[in-house]
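Just so it is clear: chains get the letters A, B, ... in the order the sequence lines come, proteins before strands, and each one is counted from 1.
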Number of protein chains: 2
Amino acid sequence: MELSERKKKILRAVVESYIRTAEPVGSKAILELTELKVSSATIRNELSDLTEMGYLEQPHTSAGRVPSPKGYRLYVNELMEEQRLSLEETRQINEALHLKMQELDKVIDQAGRMVSQLTNYPAFALAGGRQSTTIRRYDLIMVDTNSFIVVVMTDSNVVKNKLIRLPTDLSQPQLQMLTTLLNASFVGKSLEELTPELMRVAEHAAGSAYGLISLVVSFAMEVLDSLEHSPVYTAGASHILDHPEYRDVDKAQKLMSYLTEEQSLANALDLPALNSDNTKILIGPENVADELKDTSVVLASYDIGDGMKGVIGVVGPTRMDYAKVAAKLSYVADGLSKLFGQGELPPALDEKEE
Amino acid sequence: MELSERKKKILRAVVESYIRTAEPVGSKAILELTELKVSSATIRNELSDLTEMGYLEQPHTSAGRVPSPKGYRLYVNELMEEQRLSLEETRQINEALHLKMQELDKVIDQAGRMVSQLTNYPAFALAGGRQSTTIRRYDLIMVDTNSFIVVVMTDSNVVKNKLIRLPTDLSQPQLQMLTTLLNASFVGKSLEELTPELMRVAEHAAGSAYGLISLVVSFAMEVLDSLEHSPVYTAGASHILDHPEYRDVDKAQKLMSYLTEEQSLANALDLPALNSDNTKILIGPENVADELKDTSVVLASYDIGDGMKGVIGVVGPTRMDYAKVAAKLSYVADGLSKLFGQGELPPALDEKEE
DNA sequence: CTTTAGCACTCGGGGATAGTGAGTGCTAAA
DNA sequence: TTTAGCACTCACTATCCCCGAGTGCTAAAG
């Protein structure tokens, strides 16, 4: 059943006023907010209808109306106007996006912090999307007679290293031999394929440099493992205290500890992220996690390249300026995609100063 | 002027009771907490003295007494008994200390989280201590005709790498030549010594592989830079909401945003850390940072090896169980020192499972 | 059938008031 | 110096009341 034009106008007025003021909206206030040429009694009738239909709620009998999750949903789907960012805002984001090209996870972490600051909501950011990564190459660099550096590179172009020290001595030819062996036997294997049996066979072949294989390969496994379970970076949890719905310390604390708990968001999120086009809004009970049932989540996805995608978003009360937040997130996500798209070319040579 | 035995007993009772209950302590309560064979009136006289001397404070005329920072200080210096951790507690910490040997910063971050969980206070952890680090060696690993991996190792045994892609092709001999040049000209130089002039001279010598030098060296500079400004990891900021002194949302928020603000703690801390022996307690106004004037900080330092030290600690209200917190921190710090001390030997070979 | 004016009603919030009780400080005697 | 006794202070809580915003309903008008 389609809502009448007038009802939509009224719903929209309620939502937008409530987003701004956090106060229930009364019939008279709506008269001032819209161009409607009717009396407050008419508005009241409409409000009553909208409440009955489930788009609005009443905190108590003699208060104004507040949007319900269903109301927000309708607003987001049909009523909300796409928000254009001001020049000042885009400038600010562009500036903040001038992140140092560092390790991927640091960049993502930074981006999360930035979004939190930008929106005044707790933010999260994560990367993921590849099912099975494999090691593309191994290199061993000799440092001393008893230490060397392992460098592994994955087929998603992630490079990690580790310094390994040994109680025994080691020769350059040995290392050379090991490298060859590693690249012959352990390249192109996913985490699951790096089985103990495989290791045993290889160790056999390794001869005197026996135990090293397992050291190097378990490092590789750690790397692959950490790529599959990439962490969720959260930032700005304290921002929830900015918003009046969390004046209640207990509520605030519950949400906050949920947000800072390592893996919690990861579970709640990656499903919707993958299928979605650019941005996605989850309102109140639409969230799967119980702890988020009366919060909203807005997220945007971006491209990292090498087959990986990322998601960045914020968490806040259902009373959230969806239009603005979505616009900002989308802008940031686009920026990140571009950043990663060009990021692997060398930076312009004139960046030497700074 | 030395306090009488009895005054000390009373002060101690007040502090310990207040730490437990967060309620002002009255004269009668003290009678029950101590073995003193006097009347409450006598206690009142003593309390009055202690208040006048500045060791106690009165929230209002008709309330009990609360320790002042000066009172806590005396308690910590003279009255507090060293707390022994229970078996359960040490077991718990030992277990948590079985951190995966990962990159240094991840381990430190983990340790911070752990301490926060252990103590129910916001925690921080950081590393530092070396003034000027230099690069010990450069290695370039060829991947394709147009991409290679830089690996740099510092004299503090930190190894970092980066994948660099180029629009132009590159030959193995070129890379070889570059490596030689880099190791000849840029090894043993600190951040300050890697001047633009030096770079220009080297680029000249590099011939056709001209621009690459600057790419590699600026990566090295980034590495050195990040080592000097090593970040402060904070965790568990939401824990301050556990404590009744932060029922006031505004106070909580102020502290919390201070804690999550990147660099703020770094400035406030490294001074006392360096000179101190193992653990250190800073009570209320003893803190340099204004934002911490009515909080306390307990910290412990640990050894990372290779000339680096680290600090780990918690922030909380002045009403803090100093004995317990200090004991836990000290235990954790010792554990970390040991972990780092042995960490660079290979892990036992039987760790393959897990 | 829709809109409107009018009006009684509801209910949360703020402010005043009073009672309670824990705890004090002081005085005077032991 | 200690103690008993006592008046006093002051935060805290409960209760009441009032106020006003906002509603829902009714009945009349369009």
Side-chain angles (χ1 to χ4, degrees), chain A residues 1-11 13-15 17-18 20-68 71 244-245 247-248, chain B residues 1 3-11 13-15 17-18 20-68 71 244-245 247-249:
Chain A
M1 152 197 53
E2 190 53 27
L3 286 179
S4 74
E5 257 334 285
R6 195 170 65 186
K7 281 201 173 57
K8 285 189 185 172
K9 276 210 181 91
I10 292 175
L11 177 57
V14 172
V15 172
S17 164
Y18 187 66
R20 252 185 308 112
T21 65
E23 299 287 331
V25 187
S27 49
K28 285 195 211 122
I30 292 172
L31 278 184
E32 289 166 20
L33 291 169
T34 59
E35 317 300 15
L36 295 176
K37 295 274 181 299
V38 293
S39 75
S40 67
T42 311
I43 304 281
R44 277 205 291 284
N45 286 330
E46 297 283 57
L47 286 176
S48 182
D49 288 355
L50 285 166
T51 307
E52 206 164 332
M53 291 188 248
Y55 295 107
L56 296 178
E57 283 168 358
Q58 251 175 323
H60 53 269
T61 358
S62 81
R65 299 307 205 286
V66 159
S68 70
E245 21 274 287
R247 302 296 310 183
D248 177 3
Chain B
M1 155 196 50
L3 286 179
S4 75
E5 258 332 286
R6 195 170 66 186
K7 281 200 172 60
K8 284 187 185 172
K9 276 211 180 91
I10 293 175
L11 177 57
V14 173
V15 171
S17 165
Y18 187 67
R20 252 186 308 113
T21 66
E23 298 286 330
V25 187
S27 49
K28 284 194 212 125
I30 292 173
L31 277 184
E32 289 166 20
L33 291 168
T34 59
E35 317 300 14
L36 295 176
K37 296 275 182 298
V38 292
S39 75
S40 66
T42 311
I43 304 279
R44 278 204 291 282
N45 285 330
E46 296 284 56
L47 285 177
S48 181
D49 287 354
L50 284 166
T51 308
E52 206 165 332
M53 292 188 247
Y55 294 107
L56 296 177
E57 284 168 359
Q58 249 176 324
H60 53 269
T61 358
S62 80
R65 300 305 206 286
V66 160
S68 70
E245 20 275 287
R247 303 294 313 182
D248 177 3
V249 179

Modelled atom types, side-chain donor and acceptor of B:Ser39 and B:Thr42, under 3.5 Å: yes
Presence of donor-acceptor pair under 3.5 Å, side chain of B:Thr61 and base of D:dT9: no
Sugar-phosphate, base or nothing in reach of B:Ser27, heavy atoms under 4.0 Å: sugar-phosphate
Of the listed nucleotides C:dA5, C:dC11, D:dC6, the one nearest the side chain of B:Arg44: D:dC6
Between C1' of D:dG24 and CG of A:Leu50, the distance in whole Å: 16 Å
Nucleotide C:dT3, atom P - distance to CD1 of A:Ile43 in whole Å: 10 Å
Counter-base of C:dG23, judged by Watson-Crick or G-U geometry with both distances under 3.5 Å: D:dC8
Closest heavy-atom pair and its distance - A:Glu46, A:Ile10: CB-CD1, 3.6 Å
A:Pro24 or B:Ser39, whichever maps to the more 5' nucleotide of DNA chain D: B:Ser39
Atom-pair distance (CD on B:Glu52; P on C:dG25), nearest Å: 10 Å
Distance in angstrom units between B:His60 NE2 and D:dT9 C1', rounded: 9 Å
Phosphate-side-chain proximity, B:Arg6 and D:dT1, N/O vs OP1/OP2 below 4.0 Å: no
Rounded distance in Å - CD (A:Glu57) to P (D:dG22): 18 Å
Nearest non-hydrogen partners of B:Val25 and B:Tyr18, listed with the distance: CG2-N, 4.0 Å
B:Gln58 CD to C:dG23 C1', straight-line distance once rounded to whole Å: 9 Å
Whole-Å distance separating the NZ atom of B:Lys28 from the C1' atom of C:dG25: 14 Å
Listed nucleotide nearest any side-chain atom of A:Asn45, set C:dC11, D:dC10, C:dT3: C:dT3
Contact summary for A:Gln58 and A:Ala63, nearest pair of heavy atoms: NE2-O, 3.8 Å
Whole-Å distance separating the CD atom of A:Glu23 from the C1' atom of C:dG12: 12 Å
Distance test, side-chain N/O of A:Arg65 to OP1/OP2 of D:dG24, below 4.0 Å: yes
Which atom of A:Leu31 lies closest to which atom of A:Ser40, heavy atoms considered: CD1-N, 3.7 Å
Phosphate-side-chain proximity, B:Thr42 and D:dT3, N/O vs OP1/OP2 below 4.0 Å: yes
Pairing nucleotide - C:dA30, Watson-Crick or G-U, each distance under 3.5 Å: D:dT1
